[in-house]
Amino acid sequence: MRTFAKSTKLNNVCYDIRGPVMDEANRMIAQGESIIKLNIGNPAPFDFNAPDYIIDEMSAHLRDAQGYSDSHGIARAREAIKAYHATKGVVAQSIDNIYTGNGVSELITMSMQALLDNGDEVLVPAPDYPLWTASVTLSGGNAVHYICDEASDWYPDIEDMRSKITDKTKAVVVINPNNPTGAVYPMEILQQIVDLAREHELIIFADEIYDRLCMDGIKHTSIASLAQDLFCITFNGLSKSHKIAGFRSGWMVISGDLNRAKGYMEGINMLSSMRLCSNVQSQYVIEYALRDFDKPDEMLLPGGRIYEQRELICKLIDGIDGLTAVRPRAAFYIFPRLDKEKFGMKDDEQFVLDFLKEKKILLTHGGGFHWEQPDHFRIVYLPNCDQLTYAMEQMKDFLNTYHQ
Ligand SMILES: Cc1ncc(COP(=O)(O)O)c(C=O)c1O
């Protein structure tokens, strides 16, 4: 019988919207059970609201946004994006090298589709934000995972990265600040990645959607600013920084040496035109959103919600025997480790499923981020302090007797 799948193998691609944990969560919800969701980085359900001016500007521009825009996006949005990234040393030659997207997600998929031939390899971090592995794979490429090292604050292991480069490697993906670890990479690490990319003529894909969510006074460095001579694509958007994930507002900035990428740019232009344009009303808010970028968001400062929730989750994890975690420095994720011996860990997905069934709390297992060892999971610490405290009390109780 004829089947209708791409020949691409998706079996080893994890995506947390699929699989037995989500099936069970959906079954529980359908039966009317209420579950606490610590599995998705969507600020709105946790009473994080978009700033009023964003809603006001979007409403004010609804009438202007009725038609399709230029497929790259409206000029004033791209001018604002160009200026924002220029302040971070990422120089787009013109606004023609900037594309708005229905979230960063759409642009990640487009950038892989336009680039990859079957069998091409892309270096993707482990743990990763799984959309990257999925996009590489669906485009016919192979995602080759380089290790980010927990013992070194989850920074990329440069020697591991180097050892995985072959003559099929076309690009390296750098997610900084990182989801799921919350790490922010220092300049020296970024410089080493740039050196490798230069040596092996790799494209750099920089996913920097959390760059405006750094804590502890950390100043974020854009990797493309260190690689003016290389072809780089930097991704960013407003889903997280302005808490408008549902409005789907993202962009990508192409910088560096464009000479060798004419064919690739043609492919990107074709895909961009094929989807006509991104949400036009969401493009209108970009210039307003990027006006206040240098003002630290109060939620990230002591006393602010994200900061205090980060402090709390670290403290609560510290208080659980057999659980440890590197302190996240940005975003709102933490990636704790379970003591493999103590809990007899063999299957992290089973752990998350068991916890969901018993405590009605939904997490994502480490394997969902292409982390190979069965001993990690991710907590989204967006829920308020009471909810986090309750969830971690349940975790403590659960782990008291848990053994696989
Ligand atoms: C690292 C990373 N990149 C990209 C995205 C996608 O964001 P968007 O809402 O712009 O599609 C996310 C969303 O969680 C993310 O964590």
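We count ligands from 1, going down the list as the structure has it; atoms in each ligand are counted the same way.
Remark: Asp160 engages Lys164 in a salt bridge, criterion side-chain N to carboxylate O under 4.0 Å. Between Lys82 and Glu79 there is no salt bridge, since no side-chain nitrogen of the basic residue lies less than 4.0 Å from a carboxylate oxygen of the acidic one. Comment: Glu201 does not engage Lys170 in a salt bridge, judged by the lack of any side-chain N to carboxylate O separation of less than 4.0 angstrom.
Both cation-pi conditions hold for Arg305 and Phe48: the charged atom is under 6.0 angstrom from the six-membered ring centre and inside a 45 degree cone around its axis.
Considering backbone and side-chain atoms alike, Lys240 places an N or O below 3.5 Å from some N or O of ligand 1. The distance criterion of under 3.5 Å between nitrogen or oxygen atoms is met by Tyr210 with respect to ligand 1.
Residue contacts with ligand 1 for Phe235 are absent, since no atom lies close enough (heavy atoms, distance under 4.0 Å). Of the heavy atoms in Asn102, none comes closer than 4.0 Å to ligand 1. Residue Ser105 touches ligand 1 through backbone and side chain together, judged by heavy-atom distances below 4.0 Å.
For Asp128 and Thr133, the side-chain atoms include at least one donor-acceptor pair closer than 3.5 Å. Side-chain atoms of Asn236 and Asp211 form a donor-acceptor pair, as typed in the model, at a separation below 3.5 Å.
Of the possible polar contacts, one joining the Arg78 side chain to the Gly73 backbone as a donor-acceptor pair under 3.5 Å is found.
Looking at atom 7 (O) of ligand 1, its nearest protein heavy atom turns out to be Ile209 CD1, 3.4 Å. With respect to atom 10 (O) of ligand 1, the closest heavy atom belonging to the protein is Val104 N, 2.6 Å. Regarding atom 5 (C) of ligand 1, its nearest protein heavy-atom neighbour is Tyr129 CE2, 3.5 Å. Looking from atom 1 (C) of ligand 1 to the surrounding protein, the closest heavy atom is Asp207 OD2, 3.3 Å.
Near Ile175, meaning under 4.0 Å from any of its heavy atoms, are these atoms of ligand 1: 1 (C). The atoms of ligand 1 that sit less than 4.0 Å from any heavy atom of Arg248 are 8 (P), 9 (O), 11 (O). Each of the following atoms of ligand 1 lies closer than 4.0 Å to a heavy atom of Ser239: 8 (P), 9 (O), 10 (O). Each of the atoms 8 (P), 10 (O), 11 (O) of ligand 1 lies under 4.0 Å from some heavy atom of Gly103.
Aromatic ring centres of His365 and Phe377: separated by at least 6.0 Å.
In this structure, Trp251 and His85 have perpendicular ring planes: the angle between them is above 60°, well past the 30° mark.
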